[in-house]
Amino acid sequence: MNKKSHFNQYTESQITDEVHFTNRRKIISQLGLTLGSALLGPALAGNSLTAGATSALCNTSSNNLKNPQNLKPNSWNEITRYNNYYEFTTNKEVVFMLAKELKTTPWTLTIEGEVKNTITLDIESLIKKFGQQDRIYPLRCVEGWSMVIPWQGFSLCKLLDLVQPTGDAKYIEFVSLLRPEEMIGQRQNSLDWPYREALRLDEAYHPLTFMATGMYGKNVPAQNGAPLRLVVPWKYGFKSAKAITHIRLLKEQPQTSWNLAATSEYGFYANVNPQVAHPRWSQKRENRIGELRKKRTLIFNGYADQVAHLYKGMDLSVNY
Ligand SMILES: Nc1nc2c(c(=O)[nH]1)N[C@H]1C(S)=C(S)[C@@H](COP(=O)(O)O)O[C@H]1N2
Ligand SMILES: [Mo]
């Protein structure tokens, strides 16, 4: 965990400044004072111009985000030799070899659609702007296996605060790379390319929703979604799109690749739920890679305290 990539520049102090700024703004409004740049001085000027004021929803300072379940990460070899990545192959054990073909530099991410500020940023700029926080999160695949991955990256809400979704934005779509020259699985119609996934906007704002740029203190390996990959730890693994090039803010719920491929097997919400069986097998247990005995799968993958409120009043067997 101590070998850091060349990209890895922590900007914790910037993040802390933003949090202070937000708190200060709250205190000031509670006191009934007017927000004036004279009053706030350089704190406002410095931060709001670079990364935007952190919205009240985007509080990433909590220690509870790093490893709330106190999980022990799988080894580098376990994580990088068994991968789901249909752009290369459906054979999980050879993805890592085929993924060597992928060129991940240069790479840009474009955020567009229902936003006030459309932007395109390269990976280096993203890391400079948002830093690299450590997050140890479990990944639970629909197929019944799971592993624990030590990521570095930033909460997606930081990016949302930068682009500022319009009032009409209700959903967020993630589009993965389309490049059949390097991704030989894309020469087949195993899925509708490019790989697309989506979240409701409030799910995207949750500080657990994460953009990974690093793993084990190095750049994310190609087979795990380099150079930029979504991580939504309370949802089945397929929601966590790899190799993202575009993020689109939308008014309507979009189609997703897995939902198009098999609607009854891959719902839009895809919250990890041992109570709701997959049409062809139970989801009650999982096989943690590297462990002999199966373990019980937890509702919301163990994050019920943090995320259950997002689904209040919804029937989770209908909205699977
Ligand atoms: N672009 C893309 N992203 C993807 C996939 C894929 O095939 N293509 N597979 C998904 C599935 S089903 C899982 S379980 C996880 C696996 O991530 P890992 O290989 O890092 O464990 O990636 C998800 N993201
Ligand atoms: Mo999966």
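Because only heavy atoms are used, hydrogens play no part in the values below, and waters and symmetry mates are left out as well, while side chains stay in. Numbering of ligands and ligand atoms starts at 1, following listing order.
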Check whether any side-chain heavy atom of Ile79 sits under 4.5 Å from a side-chain heavy atom of Pro150, and report yes or no. yes
Please list, in number order, the atoms of ligand 1 under 4.0 Å from a heavy atom of [X].
| X | result |
| --- | --- |
| Met147 | 21 (O) |
| Tyr86 | 6 (C), 7 (O) |
| Cys141 | 14 (S) |

Out of Lys242, Met215, Glu87, who is nearest to atom 8 (N) of ligand 1 when you count heavy atoms only? Glu87
In terms of its nearest heavy atom to atom 22 (O) of ligand 1, the top option of Met183, Lys92, Arg229 is Arg229
Close approach, Ala243 and ligand 1, non-hydrogen under 4.0 angstrom: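 Ala243: no contact with ligand 1 (<4.0 Å).
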Can a non-hydrogen atom of Gly225 be found less than 4.0 Å from any atom of ligand 1?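 Distance cut 4.0 Å: Gly225 fails for ligand 1.
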If you have a sec, work out which protein heavy atom is nearest [atom] and how many Å separate them, to one decimal?
| atom | value |
| --- | --- |
| atom 6 (C) of ligand 1 | Tyr195 CE1, 3.2 Å |
| atom 24 (N) of ligand 1 | Ser240 O, 2.9 Å |
| atom 9 (N) of ligand 1 | Asn84 O, 3.2 Å |

Side chain to side chain donor-acceptor pair (under 3.5 Å) pairs, two or more places apart, involving residues 85-104: Lys92-Glu143
For ligand 1, is there an N or O atom under 3.5 Å from any N or O atom of [X]?
| X | result |
| --- | --- |
| Asn83 | yes |
| Asn224 | yes |
| Ser176 | yes |

May I ask you to say whether Lys128 pairs ionically with Glu124, meaning some side-chain N is under 4.0 Å from a carboxylate O?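 Looking at Lys128 and Glu124, the cut-off is not met.
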Can you tell whether the side chains of Glu286 and Arg288 come within less than 4.0 Å, N to carboxylate O? yes
Assign the ring pair Tyr266 / Trp258 to parallel, tilted or perpendicular, where the plane angle (0 to 90°) is split at 30° and 60°.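 Rings of Tyr266 and Trp258: tilted, as their planes differ by 30° to 60°.
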Pair listing, salt bridge (charged side-chain N to carboxylate O under 4.0 Å, His left out) test, anchored in residues 231-246, at least two apart: Glu197-Lys239, Glu203-Lys235
Check the pair Tyr195, Phe174 against ring-ring contact (aromatic ring centres under 6.0 Å, His included), reporting the backbone distance first and the verdict last. CA-CA 8 Å; Tyr195 193 100; Phe174 303 87; over 10 Å; no
Measure Leu191 to ligand 1 on non-hydrogen atoms and call it side chain, backbone, both or neither using the 4.0 Å cut-off. neither
Is the contact between Tyr85 and ligand 1 made by the side chain, the backbone, both, or neither, using heavy atoms and a 4.0 Å cut-off?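 The answer is both.
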Of all heavy-atom pairs between Gln152 and Gly217, which one has the smallest distance, and what is that distance?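 Answer, listing the atom of Gln152 first, then Gly217: OE1-N, 2.8 Å.
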Would Arg229 and Thr213 satisfy side-chain hydrogen bond (donor to acceptor under 3.5 Å, both in side chains), going step by step from the backbone distance to the final call? CA-CA 7 Å; Arg229 183 249 172 93; Thr213 50; over 6 Å; no
Take a 6.0 Å sphere around CG of Asp315 and say whether it holds more than 12 heavy atoms from other residues, nucleotides or ligands. yes
